[in-house]
Amino acid sequence: MVEDGEPLSEDDAHILGLESEAITGHTLKLMMLERGDQPLDLDLLRSTVADRLAGQPRATQRIVQDAAEQTLLTEVRRLPEAVLRELARPSRRSALDQTVGGARELAFTVLPMAELKAIGATRPHHATVNDVLLAVVAGGLRSWLSADGAGVGRLRAQVPVSLHHRDESAGDMGNHDSFINVDLPLAEQDPVTRLDLIRAETAQRKQLDDAQELFDLFHALGRLPYVGAALQRLAGSAREFSVAISNVPGPAASVEITGRRVLHLFSSSEPAAHHALRISAISCSGDIGIGLCTDPRALPDVAGLADRIDASYAELHTAALG
């Protein structure tokens, strides 16, 4: 450890431990700017970012793997394979359960926040924006993976949940996240019924405080290296969920880059071992940008999924709002 360094948190160390030669854990942010009369001034953009870095010390830090974060990785690799085989045996192999290599293909689409809220407000039990987003994605996956969804049935999604408190300072903002698993009813033909089923399940998870309970459990068992790591592996296995779908808040107000308004903001994250599709959503001034990332050799035509998500949104919008 370097003299002025600090150890990674347990959550950060676990995320780093998931990286491999094929999966680097990188994330991408893509911005679409309004047209201008002149080319974008890249020198001005670079200098502006450099000037602001001094006030964001976290953005200047880098990871140094010393002999000790190696001990962690060694322990993970030495987990009893027999336990993992017995606990993580897939009961049904998902179409997304594919070996992931180093190739990547991306696609993006945008949904209007106000319309998602309006759709959620039509339901007898109010559905959140995230519920509606999951229902739209479910409809897209339904038609992308199978002609009528019948061949897929249910697809379990892991939905990350931030456990940060609003009063935390920027210096405290390491990873402090958990998750809930939600069954996406792809076999259900009616888009509104799909939404109601998803809303009912997420509401139950929130009522039971599953995300906090799982966070506490993982951290308690983290003191027992073999048991804790085995449980983490089980939670991340293809048996437990098929696709990760994240949704994080971005800037609520309009933002500019060197004088040009940001029209859309997108986020994209790496797929994981045996989870060949990753779906990431982020909001920005009234829209939600959805980023899709796959290994095209495992799951080709991710652009087709973006088109199916658009069609799914139109179908749900018509069914809910007319």
Side-chain angles (χ1 to χ4, degrees), residues 18-32 88 90-111 133-160 181-189 191 194 198 236-248 264-282 287-316:
L18 296 176
E19 295 191 356
S20 66
E21 291 183 2
I23 300 170
T24 57
H26 290 172
T27 184
L28 166 75
K29 295 297 183 288
L30 173 66
M31 292 178 288
M32 294 183 62
S91 57
R92 180 179 180 182
R93 189 167 182 267
S94 161
L96 307 181
D97 179 3
Q98 305 287 341
T99 300
V100 176
R104 297 292 178 265
E105 187 172 27
L106 306 177
F108 303 94
T109 190
V110 179
L111 299 178
L133 174 66
L134 291 175
V136 169
V137 170
L141 287 169
R142 167 186 162 85
S143 59
W144 187 60
L145 293 174
S146 175
D148 59 359
V152 181
R154 287 181 179 269
L155 199 69
R156 177 170 285 188
Q158 187 167 98
V159 181
N181 288 330
V182 179
D183 284 328
L184 304 181
L186 268 60
E188 174 56 53
Q189 181 176 0
R194 281 199 300 269
I198 289 171
S237 74
R239 173 182 178 271
E240 292 302 311
F241 74 99
S242 300
V243 59
I245 305 175
S246 61
N247 181 20
V248 299
H264 303 298
L265 173 64
F266 301 97
S267 180
S268 179
S269 299
E270 287 262 74
H274 292 279
H275 297 86
L277 170 67
R278 182 70 180 266
I279 302 176
S280 307
I282 187 169
D287 285 336
I288 293 184
I290 301 176
L292 311 172
C293 183
T294 67
D295 176 349
R297 289 176 290 197
L299 283 177
D301 189 31
V302 70
L305 174 57
D307 292 339
R308 301 300 177 89
I309 289 175
D310 289 341
S312 173
Y313 164 72
E315 180 186 40
L316 179 58

Q: Between Leu186 and Leu141, is there a side-chain heavy-atom distance shorter than 4.5 Å?
A: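 When only atoms from C-beta onward are counted, Leu186 and Leu141 do touch, with a gap below 4.5 Å.
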Q: Leu30 vs Phe108, test: side-chain contact (heavy atoms from CB on, under 4.5 Å). Steps then yes/no.
A: CA-CA 10 Å; Leu30 173 66; Phe108 303 94; 3.7 Å; yes
Q: Can you tell me how far CG of Leu96 sits from CG of Leu145, rounded to the nearest 0.5 angstrom?
A: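 Rounded to the nearest 0.5 Å, the CG-CG separation comes out at 5.5 Å.
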Q: For residues Ser94 and Leu155, determine if any side-chain heavy atom of one lies less than 4.5 Å from a side-chain heavy atom of the other.
A: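 Side chain of Ser94 against side chain of Leu155, heavy atoms only: contact under 4.5 Å found.
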Q: Hey, could you give me the CD1/NE2 distance between Ile290 and His264, rounded to the nearest 0.5 Å?
A: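 Answer for the CD1-NE2 pair, Ile290 versus His264, is 12.0 Å.
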Q: Between Ile245 and Val182, does the side-chain contact (heavy atoms from CB on, under 4.5 Å) criterion hold? Intermediate values first, please.
A: CA-CA 10 Å; Ile245 305 175; Val182 179; over 6 Å; no
Q: Who passes side chain to side chain contact (heavy atoms under 4.5 Å, CB included) against Thr27, sequence neighbours left out?
A: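 Residues passing side chain to side chain contact (heavy atoms under 4.5 Å, CB included) with Thr27: Lys29, Ser267, Ser269.
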Q: Would you say the side-chain atoms of Arg278 pair up with the backbone N or O of Ala272, donor to acceptor, closer than 3.5 Å?
A: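 Side chain of Arg278 to backbone of Ala272: no pair is present.
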Q: Would you say Ser268 and Leu292 make side-chain contact, with heavy atoms under 4.5 Å?
A: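 They are not in contact (no side-chain heavy atoms under 4.5 Å apart), so the answer is no.
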Q: Considering non-hydrogen atoms only, spot the tightest contact between Gln189 and Arg194 and give its length.
A: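 Minimum heavy-atom separation between Gln189 and Arg194: O-NH1, 3.2 Å.
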Q: Which pair of heavy atoms, one from Leu316 and one from Pro191, lies closest together, and at what distance?
A: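 Nearest heavy atoms, Leu316 then Pro191: CD1-O, 3.7 Å.
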Q: Looking at Val110, Leu106, Leu28, which hits side-chain contact (heavy atoms from CB on, under 4.5 Å) with Phe266?
A: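 Passing option: Val110.
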Q: Would you give the length of the straight line joining atom CD of Glu188 to atom CD1 of Ile198, rounded to the nearest 0.5 angstrom?
A: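 So the CD of Glu188 and the CD1 of Ile198 are separated by 10.5 Å.
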Q: Only distances under 3.5 Å count here; give the side-chain donor-acceptor pairs of residues 297-311 to other protein atoms, sequence neighbours excluded, each with its distance to 0.1 Å.
A:
| from | atom 1 | to | atom 2 | distance (Å) |
| --- | --- | --- | --- | --- |
| Asp301 | OD1 | Gly304 | N | 3.1 |
| Arg308 | NH1 | Ser143 | O | 2.5 |
| Asp310 | OD1 | Thr109 | OG1 | 2.4 |
| Asp310 | OD2 | Thr109 | OG1 | 3.3 |

Q: After noting the C-alpha distance and the side-chain angles of Val137 and Ile279, does the key distance pass the side-chain contact (heavy atoms from CB on, under 4.5 Å) rule?
A: CA-CA 9 Å; Val137 170; Ile279 302 176; 3.6 Å; yes
Q: Could you tell me which non-hydrogen atom of His274 sits nearest to which non-hydrogen atom of Val100, and how far apart they are?
A: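 In terms of heavy atoms, the two residues are closest at N-CG2, 4.1 Å.
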Q: How many angstroms lie between atom CG of Leu277 and atom SG of Cys293, to the nearest 0.5 angstrom?
A: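 Going from CG on Leu277 over to SG on Cys293, the span is 8.5 Å.
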Q: Taking all heavy atoms of Ala276 and all of Gln98, pick out the closest pair and write down the distance.
A: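 The pair with the smallest heavy-atom distance is CB-CB, 4.0 Å.
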Q: First locate atom CG of Asp183, then atom CZ of Arg156, and finally report the distance between them rounded to the nearest 0.5 Å.
A: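 That separation rounds to 5.0 Å.
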Q: Indicate the atoms forming the closest heavy-atom contact of Ser312 with Ala135, along with that distance.
A: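 Result for this residue pair: OG-O, 4.0 Å.
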Q: Under the criterion side-chain contact (heavy atoms from CB on, under 4.5 Å), I'd like the reasoning laid out for Ile288 against Ile282: C-alpha separation, chi angles, the key distance, then a yes or no.
A: CA-CA 5 Å; Ile288 293 184; Ile282 187 169; over 6 Å; no
Q: Look at the side chain of Asp295 and the backbone N and O of Arg104, then say whether any donor-acceptor pair between them is shorter than 3.5 Å.
A: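 No, Asp295 side chain to Arg104 backbone: no donor-acceptor pair under 3.5 Å.
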Q: Taking all atoms of both residues into account, what is the closest heavy-atom pair of Ala281 and Leu133, and its distance?
A: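 Scanning both residues, the minimum pair turns out to be CB-CD2, 3.8 Å.
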